[in-house]
Chemist: 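One structure, pasted below without further comment.
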There are 2 protein chains.
Amino acid sequence: MRIGELAARTGVSVRALRYYEEQQLLTSIRSSGGQRHYPDDAADRVHLIQTLYAAGLSSKTILDLLPCVDAKVNTPASRALLRAERDRIDQRISELVAARERLDAVITSSESPASGCTHVDLASA
Amino acid sequence: MRIGELAARTGVSVRALRYYEEQQLLTSIRSSGGQRHYPDDAADRVHLIQTLYAAGLSSKTILDLLPCVDAKVNTPASRALLRAERDRIDQRISELVAARERLDAVITSSESPASGCTHVDLASA
DNA sequence: CTTGCCTCTCACGTCAACGTCAGGTTTTAG
DNA sequence: CTAAAACCTGACGTTGACGTGAGAGGCAAG
């Protein structure tokens, strides 16, 4: 398929797909006229890339990580890299959960009919 | 206290503190010479701002949110805002959990001896 | 007074993941 | 064969939260 269809299938913009290729996260075969052609499983690859981006990983980190998936490379270094990124995501989740709890505290007290305009101490934690 | 000490106490850069003031997230009293002075509880305020930034909120959103804490504003609009941001954080957490599961799957298969890995580095033993 | 550290206000630089416009080529539909 | 899509390669623009000097002023100590 060509780049437009891949974009449509994945919900990712054409510009983004070209950017992924520029970052070496995605490859394509060029037709004689220079147009990109992708195999069907390219959509899965794009979804994976999107998932990793959504996890807050940078292009470079994803580039480092992808061989671990593609070629099932299994070295101490690659395992360490995978675990390091997993731990980073863990930490990020913790941060978000903490922030959510603080917001929840504000919401709860602001919605409590008994409290009215009760003091909300968001700064203590 | 002056800006340098507040920066030291909170672990936030002087530049960032001035930026927060520019964004109207933080206020200060100026000395006759124009230098900023902060009360002790400014550190709590900075920590709060940092937490909300860590939750992925923008300066503007935080600016909108802060009155809900400071002045205990309790209107339908402010409650809706709070819940909207809370839901956004929820969604973000879900994304991260999904990404983490994805990485976990890769990690598990890469560490399993029966996973069909093509390359196993025995030097780690 | 002056040394030295802290602080001030501009104001341009950065970084990432694209958006967007320009100008030209390839592919497809009719 | 032609016109419209779709695609191509640059290359500059965007956004947010600061980083990083430049040049000048404030402030307690000796």
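Worth saying up front: this structure is predicted, and the values here are computed from it rather than measured. Basis for what follows: all heavy atoms, side chains included, without hydrogens, waters or symmetry-related copies.
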Chemist: Just to confirm, is there a sub-4.0 Å distance from OP1 or OP2 of C/dC18 to any side-chain nitrogen or oxygen of A/Y20?
Modeler: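 For C/dC18, OP1 or OP2 has a side-chain N or O of A/Y20 closer than 4.0 Å.
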Chemist: Can you check the A/L57 CG to C/dA16 P distance for me, whole Å?
Modeler: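 Taking atom P of C/dA16 as the reference, CG of A/L57 is at 14 Å.
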Chemist: Backbone N or O of A/L25 within a donor-acceptor pair of the A/R45 side chain at under 3.5 Å?
Modeler: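 Flag set: sc A/R45 to bb A/L25 pair under 3.5 Å.
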Chemist: Find which nucleotide of DNA chain C each of A/G34 and B/Y38 is nearest to by heavy atoms, and output the residue with the more 5' nucleotide.
Modeler: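 Closer to the 5' end of DNA chain C: B/Y38.
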Chemist: What integer distance in Å separates A/Y19:OH from D/dC8:P?
Modeler: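 Distance, rounded to whole Å: 18 Å.
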Chemist: Any donor-acceptor pair under 3.5 Å linking the side-chain atoms of A/Q35 with those of A/R2?
Modeler: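 Checked: A/R2/A/Q35 side chains pair up, N/O donor to acceptor below 3.5 Å.
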Chemist: By the 4.0 Å heavy-atom rule, please label B/R36 as base, sugar-phosphate, or nothing.
Modeler: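 Sugar-phosphate: the residue B/R36, judged by heavy atoms under 4.0 Å, touches backbone atoms but no base.
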Chemist: Is any side-chain nitrogen or oxygen of B/R18 closer than 4.0 Å to OP1 or OP2 of C/dT9?
Modeler: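 No, because none of the side-chain N or O atoms of B/R18 sits under 4.0 Å from OP1 or OP2 of C/dT9.
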Chemist: How long is the line joining CD1 of A/I62 and P of C/dC18, in whole Å?
Modeler: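 Distance, rounded to whole Å: 9 Å.
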Chemist: Looking only at the side chain of B/R30 (C-beta and beyond, no hydrogens), which of the listed nucleotides D/dC18, C/dT9, D/dC8 gets closest?
Modeler: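 Closest nucleotide among those given: C/dT9.
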Chemist: Report which part of the nucleic acid A/R2 touches: base, sugar-phosphate, or nothing (heavy-atom distance under 4.0 Å, all strands).
Modeler: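 Since only primed, P, OP1 and OP2 atoms lie under 4.0 Å of A/R2, the category is sugar-phosphate.
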Chemist: In whole Å, what is the span from the CD atom of A/E5 to the P atom of C/dT27?
Modeler: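 These atoms are roughly 16 Å apart.
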Chemist: Going through the distances and angles, do A/E21 and A/R30 end up as a salt bridge (charged side-chain N to carboxylate O under 4.0 Å, His left out)?
Modeler: CA-CA 12 Å; A/E21 182 167 327; A/R30 299 305 185 98; 3.3 Å; yes
Chemist: Do the side chains of A/D87 and A/R83 get close enough for a salt bridge, i.e. N-O under 4.0 angstrom?
Modeler: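 Judged by the 4.0 Å cut-off on N to carboxylate O distance, A/D87 and A/R83 do not form a salt bridge.
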Chemist: Can you check whether B/S13 has a side-chain N or O nearer than 4.0 Å to OP1 or OP2 of D/dG19?
Modeler: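 Yes, because at least one side-chain N or O of B/S13 sits under 4.0 Å from OP1 or OP2 of D/dG19.
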Chemist: Nearest to the side chain of B/R15, which nucleotide is it out of D/dC18, C/dC8, D/dC7?
Modeler: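 Side chain of B/R15 sits closest to D/dC18.
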Chemist: Looking at C/dT27, I'd like to know if its phosphate oxygens (OP1 or OP2) sit under 4.0 Å from a side-chain N or O belonging to A/S31.
Modeler: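 Yes, such a contact exists.
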Chemist: Check the phosphate of D/dA17 against B/S58, side-chain N and O only, distance under 4.0 Å to OP1 or OP2. Yes or no?
Modeler: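 Answer is no, no contact under 4.0 Å.
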Chemist: Before accepting this row, confirm whether a basic side-chain N of the pair A/E85/A/R79 lies closer than 4.0 Å to the acidic partner's carboxylate O.
Modeler: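 No, A/E85 and A/R79 are not salt-bridged.
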Chemist: Quick one: B/Q35 CD to C/dC8 P, roughly how many Å, whole number?
Modeler: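 Going from CD in B/Q35 over to P in C/dC8 covers 6 Å.
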Chemist: Looking at every strand, decide which applies to A/L17 at a 4.0 Å heavy-atom threshold: base, sugar-phosphate, or nothing.
Modeler: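 Counting heavy atoms under 4.0 Å across all strands, no contact is made by A/L17.
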